Amino acid sequence: DLDEEDTEQSGLQGYQTRSALYGQLLELMKRHARPLRTKRLLEIGFGRGVFLLALRKMGVVVEGLERNPEHVRFARRLGVAERGEELPVTEGDLLSPPEATIQQPYDVTFSHSVLDALIVNNSLTDPQTRQGGLQALRGLAKLTKPGGVSAHQVERGLPFTRVDVTAAGFDVLEDVL
């Protein structure tokens, strides 16, 4: 599994300090998907790709899905600059994932504040648009292998319940407050 030496060498140590939430997300994934190095991971909404790159430096097989084309281009350039090869990233959206990502579901799917962004950007807390939150859950279910783990850091709360989560095909392993 990932140890402190891997974390320090990858540069993730400083990144965890700047973003304790990513550190918590990493710990959550390590608790439920051990060992991470034997799993295929998908980061949804990877932003500029810094966490994605740090995980790859630790030997984790991780890919990215991002709807912002500028972030996709930046992450590819970041991979070339840091590792001599593009990071494996795809432009796409959780609400309608690209067919290629659905064809080979992942052992672990994860995100940091992506569900928050959906809530804010799409007003998913409005009862009339709550279906968008449920659509996001269905998208996650398509991207995650049966028996896999889907870990998400959320700051603002979710527009769906445990019942919705289980109806989408997931078991809730833990709520971390």
Side-chain angles (χ1 to χ4, degrees), residues 1-2 6-7 10-83 85-121 135-145 148-156 158 168 170 173 176:
D1 205 20
L2 307 177
D6 289 326
T7 302
S10 71
L12 185 58
Q13 189 68 37
Y15 194 65
Q16 283 179 319
T17 302
R18 289 190 312 272
S19 178
L21 298 174
Y22 265 117
Q24 292 171 2
L25 186 58
L26 178 61
E27 290 304 314
L28 179 67
M29 290 187 301
K30 287 167 61 176
R31 274 197 303 277
H32 295 289
R34 293 182 86 86
L36 283 180
R37 283 194 177 120
T38 65
K39 310 290 185 199
R40 242 177 103 237
L41 283 72
L42 177 68
E43 182 177 9
I44 300 160
F46 57 80
R48 304 194 96 197
V50 175
F51 190 55
L52 183 77
L53 177 66
L55 289 171
R56 297 221 18 122
K57 284 182 175 180
M58 288 187 272
V60 176
V61 178
V62 60
E63 299 172 21
L65 178 66
E66 170 64 55
R67 66 189 231 175
N68 183 326
E70 285 184 34
H71 288 174
V72 171
R73 286 190 294 277
F74 182 89
R76 288 180 179 150
R77 288 192 312 270
L78 178 66
V80 170
E82 294 286 325
R83 297 183 48 93
E85 63 185 11
E86 288 187 356
L87 289 175
V89 296
T90 302
E91 185 178 336
D93 193 300
L94 176 59
L95 297 178
S96 53
E99 192 61 35
T101 56
I102 296 171
Q103 293 300 320
Q104 295 185 337
Y106 295 82
D107 298 302
V108 179
T109 56
F110 66 98
S111 69
H112 176 318
S113 297
V114 167
L115 296 175
D116 290 322
L118 287 173
I119 292 165
V120 170
N121 294 337
Q135 185 180 351
L137 283 175
R138 288 189 294 272
L140 287 169
K142 288 179 185 176
L143 294 169
T144 309
K145 281 184 180 177
V149 172
S150 194
H152 304 277
Q153 190 284 318
V154 179
E155 296 177 38
R156 296 185 184 100
L158 296 172
F170 292 108
L173 298 176
V176 180

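Each residue takes its place number in the sequence, starting with 1. None of the values given here were measured: they were computed from a predicted structure.
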Is there a side-chain contact (heavy atoms from CB on, under 4.5 Å) between L36 and V62? Walk through the geometry before answering.
CA-CA 10 Å; L36 283 180; V62 60; over 6 Å; no

Over all atoms of both residues, closest heavy-atom pair of [X] and [Y]:
X: P97; Y: L143; answer: CB-CD2, 3.9 Å
X: G49; Y: A75; answer: CA-CB, 4.3 Å
X: T90; Y: R76; answer: CA-NH2, 4.5 Å
X: G92; Y: P98; answer: CA-CG, 4.0 Å

Looking at E66 and G47, would you say the former's side chain and the latter's main chain have a donor-acceptor pair under 3.5 Å?
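A pair under 3.5 Å: yes.
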
Any sub-3.5 Å donor-acceptor pair from E63's side-chain atoms to P88's backbone N or O?
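No: the side chain of E63 does not pair with the backbone of P88.
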
Can you tell me how far [atom2] of [Y] sits from [atom1] of [X], rounded to the nearest 0.5 angstrom?
X: E43; Y: L55; atom1: CD; atom2: CG; result: 7.0 Å
X: I44; Y: L94; atom1: CD1; atom2: CG; result: 5.0 Å
X: L53; Y: M58; atom1: CG; atom2: CE; result: 9.5 Å
X: T109; Y: L65; atom1: OG1; atom2: CG; result: 10.5 Å
X: E70; Y: R48; atom1: CD; atom2: CZ; result: 8.5 Å
X: Y106; Y: L140; atom1: OH; atom2: CG; result: 13.0 Å

Quick one: list whatever passes side-chain contact (heavy atoms from CB on, under 4.5 Å) with Q104, sequence neighbours left out.
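For Q104 the side-chain contact (heavy atoms from CB on, under 4.5 Å) partners, ignoring immediate neighbours, are R40.
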
Looking at V149, L41, T144, which one forms a side chain to side chain contact (heavy atoms under 4.5 Å, CB included) with F110?
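Answer to the side chain to side chain contact (heavy atoms under 4.5 Å, CB included) test with F110 among V149, L41, T144: L41.
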
Residue K39 excluded, over 12 heavy atoms near NZ under 6.0 Å:
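Result for NZ/K39: enclosed.
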
May I ask you to say whether E82 pairs ionically with R56, meaning some side-chain N is under 4.0 Å from a carboxylate O?
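Salt bridge: no.
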
